[in-house]
Each structure stands twice: as C-alpha cells, then as structure tokens.
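Per chain, numbering begins at 1; letters A, B, ... match sequence-line order. Side chains are part of it too, since the values below use all heavy atoms of this structure and drop only hydrogens, waters and symmetry mates.
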Amino acid sequence: KAGVTQTPRYLIKTRGQQVTLSCSPISGHRSVSWYQQTPGQGLQFLFEYFSETQRNKGNFPGRFSGRQFSNSRSEMNVSTLELGDSALYLCASSLGSPPLAGAPNTGELFFGEGSRLTVL
Amino acid sequence: AQSVTQLGSHVSVSEGALVLLRCNYSSSVPPYLFWYVQYPNQGLQLLLKYTSAATLVKGINGFEAEFKKSETSFHLTKPSAHMSDAAEYFCAVSTSGGSYIPTFGRGTSLIVHP
C-alpha cells in the first residue's frame with residue numbers, strides 16, 4: 001500500500017510570492033490534514049479536509065488556504081509569502097471516519113515526508 | 001479540550017541506557033494516545049498507540065508506553081538505547097466523538113551518546 005506522497009520535497013521562494021504544495025493520501029483515506037513545523041513553534045495544525053470540505057481549521061491567517069479534490073488529493077496554498085513562512089509543511093492522511101460501524105476513529109495519522117519551504 | 005505536555009525538549013542518554021520520554025495529557029473524556037517518531041528530514045511515523053485496550057502498549061523498535069489514568073501520563077520507554085533511536089519524539093492525544101484531530105506535544109529530541 002503506497003504511503004502519503006508530498007510534492008515538491010524542497011522549494012525556495014522569495015517574499016511576496018505564492019506557493020502551492022500537493023499531497024496524495026493513502027488509498028481509501030478520505031481525510032487530509034496539514035501541519036506547519038518550525039523549530040520555534042513545533043507542530044501547528046493548519047486545516048483538515050474531509051470529502052472535499054474543510055472540516056477543521058487551525059489559527060492561521062487567510063494567506064493559508066487549501067482544497068481537496070474528489071480523489072482525496074489535497075493542495076495547500078500560501079500567498080504573499082513572508083520570511084516566517086519558512087517551515088516544513090507536513091501532510092497527514094487518515095480514514096477520517098469510523099472504519100466499521102461501532103468501531104472508533106482513533107485519529108491515527110499517516111504522514112508524508114513533508115515539503116520544506118524556504119522563503120528568502 | 002485536550003492538551004499534551006512533554007517534559008524536556010531534549011533528553012540525552014548513553015547507548016545501552018534506559019530511555020524515558022515523559023508525556024502528560026489533559027482530556028475531559030477517555031483519550032486515545034500516540035507516540036510518533038520523526039527522523040531528520042522525514043515525516044512522522046507512528047511508534048505506538050493506546051486505544052483503551054491494554055494499558056501497556058508495545059510498539060516498534062522495542063519501545064513501549066504505559067497508560068496511567070491516575071497520573072494522566074503516557075511515558076515512552078525503551079530498556080536499551082541504540083544510536084539509531086536518535087530522533088524527535090512526539091506525544092499526541094485525541095478523543096472519540098470529537099473532531100478526530102489529535103493534539104501534539106512540542107516534541108522531545110532524543111540524543112544518544114556512544
């Protein structure tokens with residue numbers, strides 16, 4: 001079973017530009033979450049998409065946006081890049097709903113290797 | 001609301017020594033608890049999880065963790081550290097019936113000395 005795939009792995013942008021990151025979840029997973037990881041702030045939740053709808057959102061400005069397609073693939077976009085946006089962006093997929101009737105959804109996540117964004 | 005506290009941003013051990021990484025959680029309902037490991041320039045990988053079955057949970061690479069409700073803790077241990085265990089470790093909590101979004105701790109960097 002293929003894992004979570006994120007592209008690109010590394011990218012360099014300049015302030016004011018925008019960037020789009022892509023994530024392909026594990027087959028059968030309907031939920032995709034995005035996290036920003038920096039040395040100072042740790043792992044911060046950006047948003048979660050489930051069945052093409054944003055279901056949960058973290059505390060980030062509107063410059064950060066995302067979407068999910070019918071095949072569960074997801075993209076996130078950051079506009080008007082700032083130096084502080086330099087980070088490792090992690091995508092994680094999960095079932096997103098109870099796998100079986102009566103069985104719990106534990107929230108277990110499966111992470112991609114991340115996209116490392118450097119803003120100059 | 002749920003939260004996680006990982007005591008110690010860095011833990012240093014000698015190869016062959018006991019590894020103990022501390023995690024305390026706060027949750028108003030019975031939690032699901034996780035430990036993830038992150039190697040340099042990689043994503044997070046699940047080490048083990050507690051989902052209300054056995055309180056002592058065994059994971060990959062010889063790690064285990066014990067759920068202690070009275071102490072609201074889920075500490076991660078390994079009897080004998082190996083150089084390859086050097087990584088960042090994250091504790092996380094989620095709850096049933098909620099948003100299914102786990103809350104992560106700040107992480108603990110494990111340093112293993114030869």
Relative to chain B, which segment of A/Q6 carries a heavy atom at a distance below 4.5 Å: side chain, backbone, both, or neither? neither
Pick one of side chain, backbone, both or neither for B/L46, based on which atoms fall under 4.5 Å of a heavy atom in chain A. side chain
Verify whether one side chain among B/Q6 and B/T108 offers a donor that lies under 3.5 Å from an acceptor in the other. yes
Assess whether a salt bridge exists between A/E82 and A/R63, defined as any Lys/Arg side-chain N lying under 4.0 Å from an Asp/Glu carboxylate O. yes
Could you tell me how the ring of B/F74 sits relative to the ring of B/W35: parallel (under 30°), tilted (30 to 60°) or perpendicular (over 60°)? parallel
Heavy-atom cut-off 4.5 Å, strictly under: side chain, backbone, both or neither for A/F110 against chain B? neither
Check for a donor-acceptor pair, side chain of B/Y36 on one end and backbone N or O of A/L109 on the other, with a separation under 3.5 Å. yes
Whatever's closer than 4.5 Å to a heavy atom in chain A on B/Q38 counts as side chain
